[in-house]
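Below is one structure, written out as structure tokens; comments come after it.
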Amino acid sequence: MTVSVVLFTSDLRLRDHPPLSAAVAAGDYVVPLFVRDAAIAASGFAAPNREAFLRDCLADLDAGLRERGGRLVVRSGDVVDVVRGIAARARAEEVHVAAGVSGYAQARERRLVRALEADGRRLRVHDAVITAVAPGAVTPSGGSDHFAVFTPYFTRWSAERPRRPLRAPRAVRVPEGVPSGRIPRREAVRGVAEGLAGGGEKAGRALLLSWRRSGLADYAAHHDDLPGDATSRLSPHLHFGTLSPAELVHLAREKYGPGSDAFVRQLCWRDFHHQVLAARPEASAADYRERHDHWREGTSAARDIQAWKEGRTGYPVVDAAMRQLLHEGWMHNRGRLLVASFLTKTLYVDWRVGAQHFLEHLVDGDIANNQLNWQWVAGTGTDTRPNRVLNPVLQGRRYDPDGVYVRRWLPELAGLAGRRVHEPWKLGAAERAGYDYPEPIVGLGEGLARFKGARERGRERGRD
DNA sequence: GCCGACTTTTT
DNA sequence: AAAAGTCGG
């Protein structure tokens with residue numbers, strides 16, 4: 001009798017799961033294991049919204065395994081200790097896991113290899129399943145270990161054929177003698193956003209099918225429309241791996257109208273950021289490119305940061321997006337760009353501050369996508385144009401022309417009709433008194449001057 | 001080392 | 001029209 005352990009990480013699904021399929025094919029018994037990692041719980045990466053979504057995912061994964069005669073084994077603690085103990089208890093020969101890209105995942109893999117080897121067991125690391133094309137699968141012809149610019153990457157990536165998505169195994173036999181453990185209830189998590197989406201592979205597939213039917217074709221035309229909310233909303237499922245990006249690429253390439261190409265391009269952006277992080281794991285905290293910034297600090301910066309977090313900057317479209325984040329644990333992509341630009345360029349606050357706040361709230365909060373997109377906006381990342389600044393008023397007028405999005409999230413401005421809602425400071429004093437809404441905490445020109453001046457001084461210092 | 005090209009804009 | 005440098009072939 002042979003037994004394998006499958007360690008689930010960011011791949012909480014049964015379909016298109018190479019480690020699970022390999023383990024089922026290799027032996028008589030499989031222990032599907034998820035470890036609630038004590039190190040992650042103690043880190044700044046824990047967040048109630050993701051914890052709640054995760055519990056949905058685990059419950060659904062367990063249900064799917066039970067439909068196949070198996071069950072999920074859940075434990076808490078140090079992931080290496082737990083895997084080692086479970087493997088010993090089940091007398092497993094091998095442990096299967098999908099490769100991860102973050103520094104943490106890479107270190108975890110190294111520790112697992114060592115620990116298991118000491119016991120005479122083997123860790124089988126499968127290609128990353130968090131992306132459609134594995135990090136490192138395509139590299140520039142010059143010999144670098146990763147692409148630093150999106151477009152050449154997209155060209156090479158597009159020529160790759162993502163692996164054919166695997167079917168879910170028909171049956172999974174779990175050995176007796178390994179207790180299942182308890183999947184904690186979602187309802188017990190405190191501080192969860194009211195409008196949080198539900199997790200799990202079933203929920204993900206339902207969302208995918210309805211979106212393919214009614215959203216994908218118009219994606220290219222409407223994905224930037226803030227009130228239209230026409231993005232896929234699949235990001236939390238991609239983060240937790242309840243949907244397979246390889247499957248999504250196959251599906252979108254079957255051409256569901258003009259939106260397919262634009263959507264595939266967005267999927268490539270995920271892969272792009274993951275291959276950058278896999279090669280430069282330190283980019284989760286350090287500037288990918290040093291721009292000699294000296295970000296604002298001290299009490300005045302702290303006050304601005306607080307206003308930004310609460311959605312009280314006085315710039316309606318910024319505040320609306322920040323309130324959406326607090327309310328849903330999610331933010332429209334266009335909103336993410338504009339609030340990030342506002343924090344880093346207009347308020348000239350360190351991108352890490354914003355990235356951390358996003359990680360505390362986003363249900364899809366993902367180290368690769370979040371940190372590297374923040375760096376992109378801040379100008380310290382892979383953008384070769386580090387001075388790009390988004391003007392919140394123009395962004396509001398362009399992507400929320402009638403102010404519908406702003407009024408949806410800012411009840412205090414709900415009575416202010418039309419596009420005037422983007423510039424409440426232009427109202428006459430009498431009218432303005434009717435709205436309990438802050439004056440802008442910074443002038444756009446003032447913010448821009450501060451950013452450019454600081455960058456210039458930093459560059460001169462850097463040349464010395 | 002040349003040179004074409006570069007998600008997301010602003011004026 | 002000018003981004004503002006820098007990547008990648």
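Scope of the values below: all heavy atoms of this structure, side chains included, with no hydrogens, waters or symmetry mates. Every chain is numbered from 1 and lettered A, B, ... according to where its sequence line falls, protein lines coming before strand lines.
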I need the residues from residues 328-337 of chain A with at least one non-hydrogen atom less than 4.0 Å from DNA chain B; give them sorted by number, or say none.
A/R334, A/L337
Salt bridge (Lys or Arg N to Asp or Glu O under 4.0 Å) with A/K202: which residues, sequence neighbours excluded?
A/D60, A/E67
Pairs flagged by salt bridge (Lys or Arg N to Asp or Glu O under 4.0 Å) wherever residues 429-438 of chain A is involved - sequence neighbours left out
A/R420-A/E431, A/R432-A/E439
Under 30°, 30 to 60°, or over 60°: which ring-plane class applies to A/W330 and A/H332, parallel, tilted or perpendicular?
perpendicular
Do we get A/R334 above A/Y399's six-membered ring, with its NZ or CZ under 6.0 Å from the centre and within 45° of the axis?
yes
Could you check whether A/V389 gets within reach of a base, just the sugar-phosphate, or nothing at all, counting any heavy atom under 4.0 Å?
sugar-phosphate
Close side-chain approach of A/R408 to A/P227, heavy-atom, < 4.5 Å:
yes
In whole angstrom, give the distance that lies between atom CZ of A/F342 and atom P of B/dT9.
18 Å
Here the pair of heavy atoms bringing A/V363 nearest to A/R50 is O-CG, 3.1 Å
Map every base of DNA chain B to its dot-bracket character, where paired means a Watson-Crick or G-U wobble contact with both distances under 3.5 Å and | marks a partner outside the strand.
.|||||..||.
When the P atoms of C/dA4 and B/dC3 are compared, how many Å lie between them, rounded to an integer?
23 Å
Centroid-centroid under 6.0 Å between A/F8 and A/F34 rings:
no
Is there any salt bridge (Lys or Arg N to Asp or Glu O under 4.0 Å) pair reaching into residues 231-240 of chain A, and which pairs are they, with sequence neighbours excluded?
A/D229-A/R233, A/R233-A/E328
Please write out each protein N/O paired with an N/O of nucleotides 1-8 of chain C under 3.5 Å, distance rounded to 0.1 Å.
| residue | atom | partner | partner atom | Å |
| --- | --- | --- | --- | --- |
| C/dA3 | N3 | A/R385 | NH2 | 2.8 |
| C/dA4 | O5' | A/N387 | ND2 | 3.4 |
| C/dG5 | OP1 | A/R459 | NH1 | 3.3 |
| C/dG5 | N2 | A/T384 | OG1 | 2.6 |
| C/dG5 | N3 | A/T384 | O | 3.4 |
| C/dC7 | OP1 | A/R289 | NH1 | 2.8 |
| C/dG8 | OP1 | A/A148 | N | 2.7 |
| C/dG8 | OP1 | A/V149 | N | 3.0 |

Is A/R36 paired with A/E51 through a side-chain N to carboxylate O contact shorter than 4.0 Å?
yes
Against A/D366, only a single residue in A/H273, A/Q371, A/R270, A/H239 fulfils side chain to side chain donor-acceptor pair (under 3.5 Å); can you say which?
A/H239
Is A/L338 touching bases, backbone alone, or none of the nucleic acid, heavy atoms closer than 4.0 Å?
nothing
